[in-house]
There are 2 protein chains.
Amino acid sequence: MATTQPAAMDRPPTIHDIAALCGVAASTVSRALSSPDRVNIRTRQRIEAAAAQLHYIPNSQAKALSSGRTGAVGVLVPDITNPFYFDLIRGTQLQLKAAGYTQLLVDTEESDEVEASTMEQLRKSADGIVVAASRLTDEALLAAAAKMPMVTMNRDVPGIPAVLIDTPSATSQALDHLISLGHTRIAYIAGPATSQSSTRRWTALSEAAKERGVEVRRLGPFAPKTQSGAAAADAAVHSGVTACIAFNDLIAIGMLQRLRERGIRVPQDMSMVGCDDIFGADFCNPPLTTMASPIEQAGRVAVSMLLAQLNPLAGGGTRSRSVMPTHLTVRGSTGPAPAPG
Amino acid sequence: MATTQPAAMDRPPTIHDIAALCGVAASTVSRALSSPDRVNIRTRQRIEAAAAQLHYIPNSQAKALSSGRTGAVGVLVPDITNPFYFDLIRGTQLQLKAAGYTQLLVDTEESDEVEASTMEQLRKSADGIVVAASRLTDEALLAAAAKMPMVTMNRDVPGIPAVLIDTPSATSQALDHLISLGHTRIAYIAGPATSQSSTRRWTALSEAAKERGVEVRRLGPFAPKTQSGAAAADAAVHSGVTACIAFNDLIAIGMLQRLRERGIRVPQDMSMVGCDDIFGADFCNPPLTTMASPIEQAGRVAVSMLLAQLNPLAGGGTRSRSVMPTHLTVRGSTGPAPAPG
DNA sequence: CTTCAAATGACAACCGATTGCCAAACTTTG
DNA sequence: CAAAGTTTGGCAATCGGTTGTCATTTGAAG
């Protein structure tokens, strides 16, 4: 059965096919498709029609090779299976797609080496990167940022644009909440030693505690996984505190499970506060009081900042810092401090 | 301060830089680095030393353009934020990395159109794809599979290699479990209409129910999200069943929440069975009885099958089908049927 | 009707690798 | 020591676009 289509090709059409079909040079086709006003509108329309007819899709590899722009942005997260990153990834993906970019998502496995080598790799295949919760040193990050446009998430290094989640101030809110419930002996369950977020929260927390005259001790570091919860829970119980503020919800949920196993009631015997309001925080048992923030939006903002760096055309000066608000969401895991004795 | 390094270059080194440094042709460098035995071992060592000294990293775009192989594999999932896919993604990522491939992860947003256009896009930038829970028709999938190597997950189309999770047989186990607890009126909470998994489970379930002489009715379809749980729970209660087998854990967890709001006790008034054993299934309230399977391993197997297609060198014939076992994990959400009346 | 500027489109070099082909160099054998 | 066979390594084309340069066409103005 004959069709109006030219003979079906075994391989994808190129601009040369379009050029042949229209009787123009390949370069004209290239211009018509990328910088439309450099070409006669009628020619352009013919070319566009031919492109549509052939179902032309530009070869991104070739485009990247000759233009130097890849149209891709790398997104580095320490652990894809950490629910905290879902919404972040979703946010970056949506914003990138809206701008016509492709997202290259990489799990750096909580490893500084993997992170560094990934960046090196991406230097050729991405126009820029968004780095969440970097495990690198400030120096290494600065060196990497010098080689390619970068925006960090939850990592504040002078000279590198960043999106920060304001958990430190939420941490103070959490502390006030616990104090208002009568708690005076409180533990901070620390995250990885290389996590700047953890450090910043601890700083904010211990300062606030001093002002308010309560005792906050630091336990850890612990890996940000539910499995760490058992050790953390045991440490908390042993230390004699009546409430814990955990580095994140994963650890907090793990602690809830362990406390339940040990017959320690939450919140009657021990109050728990998590951080991030991840998937699961609202339906664990008891539901977790936690510090929530608009993560998906944070992802979008990070991408916007990066794209502003890549395409400085728009007038507005490039923001180099964006702080996302965080608030305490109180659920069932916090309650009045147990009567002493 | 002078170093032994050649003057630092402002741009990444290429094989030409290496060639110049060693006094050989660029093609010799290319051969030395890719097919080592086509080049004199001493020359090769000189080249390797130079490459190391310059911190040479091959440009993957250029490599792809000239060789036709991209070294990347696309992984398409309908919804990145669905915890079911975390382990799958982790599995594919690990196996791909081990084989020296890069993973291109794409969220197709439960949309057949996005899925189709993504495949078209990937045709140029990936060597093959793993498609999880496709929303496309069999015809569209076959057409796509004809254009590039493909392995599907949880989608059985003759002619396309697939990894299947044996939830149908687990569904029967779940049914037997419920029957042994005295349930006779049971509902299947269906997933998306275009999900073959949902269809396959329903077929297996209704057949098993007929054999065993119990009544199983189908409710839905429901979107595979916790938010759908409310409507599903209401429908289940209204239909008068005493137990539900849900399409997946997300819906089941959403139902648990709704039932709790409505004061319907689980498992005393209603038993719930989920599917997938996702993150959260073990710590929701009550913990969810669910059908579990080695998802991460499924991801690894899918990648292995794909790579076998891409590099047919190894002797063994290519498997075209792999079925992952599934078993019922009983937790607190299932219990004896309520006494009639 | 001529003149000049602006708009347009063709040519060719280039991005950084891969790879077919061939010549030079080497090893082996008679 | 020469002939035949093997390596080895260089040249150049190629992948599919982009982009600088330049010649030509077009239109407007004088």
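All values below come from the heavy atoms of this structure, side chains included, with hydrogens, waters and symmetry mates left out. A, B, ... follow the sequence lines: proteins, then strands. Residue 1 opens every chain. Here the structure is a predicted model, which means the values were calculated and not measured.
In this structure, the CG atom of A/Asp37 is 12 Å from the C1' atom of C/dA7, given to the nearest Å. Atom CD1 of B/Ile18 and atom P of D/dG10 are 14 Å apart (whole Å). Going from atom NE2 of B/His16 over to atom P of C/dC15 covers 9 Å, rounded to whole Å. Residue A/Leu65 contributes atom CG, which lies 9 Å from atom P of C/dC15 at whole-angstrom precision. A straight line from NZ of B/Lys63 to C1' of D/dG16 spans 19 Å, rounded to a whole angstrom. Distance, B/Arg44 CZ to D/dT8 P: 11 Å, rounded to whole Å. Note: CD1 (A/Ile57) to P (D/dC15) measures 20 Å, nearest angstrom. Computed from coordinates, the B/Arg42 CZ to C/dC26 C1' distance equals 14 Å when rounded to whole Å.
Here the side chain of B/Ile15 is nearest to one of C/dG9, D/dG17, C/dA17, namely C/dA17. In this structure, the nucleotide among D/dG17, D/dG9, C/dA10 sitting nearest to the side chain of A/Thr14 is D/dG17. When distances run from any side-chain atom of B/Asn40 to the nucleotides C/dT8, C/dT18, D/dG9, the shortest one goes to D/dG9. Of the candidate nucleotides D/dT21, D/dG17, D/dC15, D/dG17 has the atom nearest to the side chain of A/Ser66.
Between B/Ile41 and A/Ser67, the residue whose closest nucleotide on DNA chain D is further toward the 5' end is B/Ile41. Each of B/Arg38 and B/Tyr56 lies near DNA chain C, and the nucleotide nearest B/Tyr56 is the one positioned closer to the 5' end. Toward the 5' end of DNA chain D, the nearer of the two residues B/Ala62 and B/Thr43, judged by each one's closest nucleotide, is B/Thr43.
B/Ser27 comes within 4.0 angstrom of a nucleotide base, judged by non-hydrogen atoms across all strands. Residue-level contact check: A/Arg69 touches the backbone only, with heavy atoms under 4.0 Å from sugar-phosphate atoms and none from bases. Using a 4.0 Å heavy-atom criterion, one finds that A/Ser30 contacts the bases of the nucleic acid, with or without backbone contacts as well.
Counting distance only, with no hydrogens placed and no angle test, the side-chain atoms of B/Arg31 and the base atoms of D/dG10 include a donor-acceptor pair under 3.5 Å.
Contact check on A/Arg44 versus A/Asp37 returns no salt bridge, with no Lys/Arg side-chain nitrogen under 4.0 Å from an Asp/Glu carboxylate oxygen.
Checked by atom type, the side-chain pair B/Ser134/B/Glu115 shows a donor-acceptor distance below 3.5 Å. Checking A/Ser304 against A/Gln95 by side-chain atom types alone, a donor-acceptor pair falls below 3.5 Å.
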In sequence, state the C-alpha distance, the side-chain angles, and the governing distance for A/Glu113 and A/Arg135, and then conclude on salt bridge (Lys or Arg N to Asp or Glu O under 4.0 Å). CA-CA 9 Å; A/Glu113 284 183 28; A/Arg135 299 290 186 251; over 6 Å; no
Do B/Thr92 and B/Gln103 pass the side-chain hydrogen bond (donor to acceptor under 3.5 Å, both in side chains) test, and can you show the C-alpha distance, the side-chain angles, and the key distance before you say yes or no? CA-CA 8 Å; B/Thr92 53; B/Gln103 167 165 290; 2.7 Å; yes
